[in-house]
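Reading through the structure tokens given below for one structure.
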Amino acid sequence: MTKLSKDFYTRNDVVKIARELIGKELFTCIHGQLTSGIIVETEAYHGRKDKACHAYPDVHTARTEIMYKEGGRAYVYLCYGIHHLFNVVTNKEGKADAVLIRAIEPRYGLDYMLFRRKLTKASNKVSSGPGKVGQALGISTVMTNISLLGDQIWIEDKDINIDIETSTRIGVEYAEEAALFNWRFLAKNNVYVSNK
DNA sequence: CCTACGATCTGCT
DNA sequence: GCAGATCGTAGGG
């Protein structure tokens with residue numbers, strides 16, 4: 001088994017982890033249904049130091065409390081009332097770092113992902129954006145805080161090598177200087193990365 | 001209690 | 001290209 005270990009997630013460099021997650025395979029097994037995809041787009045959010053992060057400057061609420069916990073768990077929240085966005089919590093307890101998974105290239109269980117997405121034919125519409133990833137993999141806010149070392153959501157290293165590009169993060173124009181950080185990572189020339 | 005708005009997506013023009 | 005959907009979260013009264 002090549003499942004990523006707690007040591008991978010608890011390191012003190014969320015930007016590096018966001019880059020390293022490109023090319024890893026994200027799995028969910030929900031109600032017995034196994035689905036997976038290669039991660040092709042991520043964004044790093046750096047806790048209390050990052051104006052784009054929900055925990056900035058030191059916000060402790062029922063929602064954000066999950067990000068302050070030890071790395072290696074899921075942070076899932078509802079965006080625009082509709083979309084369930086999946087993040088990987090990283091670093092030690094108290095830091096509130098997380099990586100948003102923005103796009104995957106489907107691998108296992110494509111038919112079931114199409115069903116969840118209410119689509120009939122395969123295309124990049126299945127998983128080319130953070131809301132789509134959540135829906136395709138069956139992830140919802142009730143799964144926030146679950147361990148990534150368990151058997152519902154986990155990530156495996158398949159030794160895949162991918163050319164990586166960087167850019168500024170999407171949808172965080174309000175975050176002043178933090179909006180300019182090149183903390184978005186994407187697989188070069190991959191059709192499953194999100195638009196814009 | 002009440003209000004404003006968001007780490008988005010879709011459908012229509 | 002743009003408006004509408006849709007509701008939990010956070011902050012203020």
Side-chain angles (χ1 to χ4, degrees), chain A residues 9 14-19 21-22 26 37 39-69 71 73-91 95-106 113-146 148 153 155 165-187 191-196:
Chain A
Y9 298 110
V14 69
V15 176
K16 180 177 182 178
I17 293 172
R19 176 186 284 274
L21 282 172
I22 301 291
L26 171 62
I39 296 169
V40 295
E41 182 176 343
T42 63
E43 284 178 358
Y45 286 86
H46 191 197
R48 302 183 305 242
K49 297 172 187 159
D50 175 7
K51 284 183 182 168
C53 183
H54 293 157
Y56 177 86
D58 193 14
V59 174
H60 285 265
T61 63
R63 180 179 71 154
T64 64
E65 210 55 48
I66 309 305
M67 273 197 289
Y68 286 90
K69 297 191 181 196
R73 70 190 68 232
Y75 169 52
V76 185
Y77 77 95
L78 189 68
C79 186
Y80 294 102
I82 307 172
H83 308 291
H84 298 255
L85 272 54
F86 169 71
N87 298 253
V88 174
V89 177
T90 72
N91 214 332
K95 299 293 190 179
D97 289 356
V99 177
L100 172 66
I101 305 301
R102 292 189 53 89
I104 63 171
E105 178 179 327
M113 287 193 262
L114 288 170
F115 169 71
R116 285 176 177 144
R117 293 274 298 122
K118 300 180 171 38
L119 297 171
T120 50
K121 78 180 217 258
S123 77
N124 69 342
K125 287 184 166 52
V126 181
S127 52
S128 57
K132 300 175 193 176
V133 168
Q135 192 178 29
L137 292 176
I139 295 169
S140 75
T141 53
V142 301
M143 295 170 194
T144 199
N145 198 34
I146 70 170
L148 300 180
I153 307 178
I155 301 174
E165 290 182 302
T166 64
S167 83
T168 54
R169 293 173 293 179
I170 305 294
V172 296
E173 296 78 10
Y174 61 87
E176 301 175 6
E177 78 283 351
L180 302 177
F181 299 166
N182 286 310
W183 285 357
R184 176 176 176 236
F185 300 96
L186 46 137
V191 299
Y192 286 92
V193 302
S194 67
N195 300 314
K196 185 141 182 188

Under 4.0 Å between any heavy atoms, over every strand shown, what does Ile82(A) touch: base, sugar-phosphate, or nothing? Just pick one. base

Have Tyr68(A) and Asp58(A) got a donor and an acceptor in their side chains that come within less than 3.5 Å? yes

Using a cut-off of 4.0 Å on non-hydrogen atoms, how would the nucleic acid contact of Thr141(A) be classed: base, sugar-phosphate, or nothing? nothing

Got a donor-acceptor contact below 3.5 angstrom from the His84(A) side chain to the Gly134(A) backbone? no

Quick one: label Arg169(A) by what it contacts on the DNA or RNA (base, sugar-phosphate, nothing), any heavy atom closer than 4.0 Å. nothing

Using atom NZ of Lys51(A) as one end and atom P of dA7(B) as the other, report the distance to the nearest whole Å. 15 Å

Will you find, in the side chains of Arg117(A) and Gln135(A), an N or O donor that is under 3.5 Å from an N or O acceptor? yes

Is Arg63(A) positioned over the aromatic face of Tyr77(A), cation under 6.0 angstrom from the ring centre and no more than 45 degrees off axis? yes

Establish, from distance only, whether the side-chain atoms of Glu43(A) and Tyr45(A) form a donor-acceptor pair under 3.5 Å. yes

Under a 4.0 Å N-O cut-off, is there an ion pair linking Asp50(A) with Arg169(A)? yes

With the side chain of Asn87(A) defined as its heavy atoms from C-beta on, choose the nearest nucleotide among dC7(C), dA7(B), dC9(B). dA7(B)

Testing the 3.5 Å rule here: is there a donor-acceptor pair between the side chains of Ser127(A) and Glu105(A)? no

Watson-Crick or G-U stems involving DNA chain B, each at least 3 pairs long, distances under 3.5 Å, ordered by first number: B:1-6 with C:7-12, B:8-12 with C:1-5

May I have the distance from Tyr56(A) (atom OH) to dG11(C) (atom P), rounded to whole angstrom? 13 Å

Tell me the interatomic distance from Lys118(A), atom NZ, to dA5(C), atom P, rounded to whole angstroms. 19 Å

Between dA7(B) (P) and Asn182(A) (CG): distance, integer Å: 19 Å

If I take atom NE2 in residue His60(A) and atom C1' in nucleotide dT9(C), what distance separates them, rounded to the nearest angstrom? 16 Å

Arg117(A) side chain, from C-beta outward: closest of dT8(B), dT10(B), dA5(C): dT10(B)

Assess whether one donor atom and one acceptor atom, taken from the side chain of His83(A) and the base of dA7(B), lie less than 3.5 Å apart. no

Closer to the 5' end of DNA chain C via nearest nucleotide, is it Tyr80(A) or Val59(A)? Tyr80(A)

Testing dG8(C), dT8(B), dC9(B) for proximity to the side chain of Cys79(A), the answer is dT8(B)

Phe86(A) atom CZ is separated from dT8(B) atom P, nearest whole Å, by 16 Å

The side chain of Val172(A) is closest to which nucleotide in this list: dA7(B), dT9(C), dT10(B)? dA7(B)

OP1 or OP2 of dT10(B) less than 4.0 angstrom from a side-chain nitrogen or oxygen of Lys132(A), does that happen here? yes

Which whole-number value in Å describes the distance from Glu173(A) CD to dT8(B) P? 9 Å

From dG8(C), dA10(C), dA7(B), nucleotide with atom closest to Thr61(A) side chain: dA10(C)

Starting at CG of Leu100(A) and ending at P of dT8(B), how long is that distance when rounded to a whole Å? 8 Å

From the list dA7(B), dG8(C), dG11(C), which nucleotide is the closest neighbour of the side chain of Arg102(A)? dA7(B)

Within the structure shown, what part of the strands sits under 4.0 Å from Leu85(A) by heavy-atom distance: base, sugar-phosphate, or nothing? sugar-phosphate

If we ignore angles and hydrogens, is there a donor and acceptor under 3.5 Å between the side chains of His54(A) and Tyr75(A)? yes

Does dA10(C) have OP1 or OP2 under 4.0 Å away from a side-chain N or O of Arg63(A)? yes

Stacking of Tyr77(A) on dG8(C) base (centres under 5.5 Å, planes under 30°): no

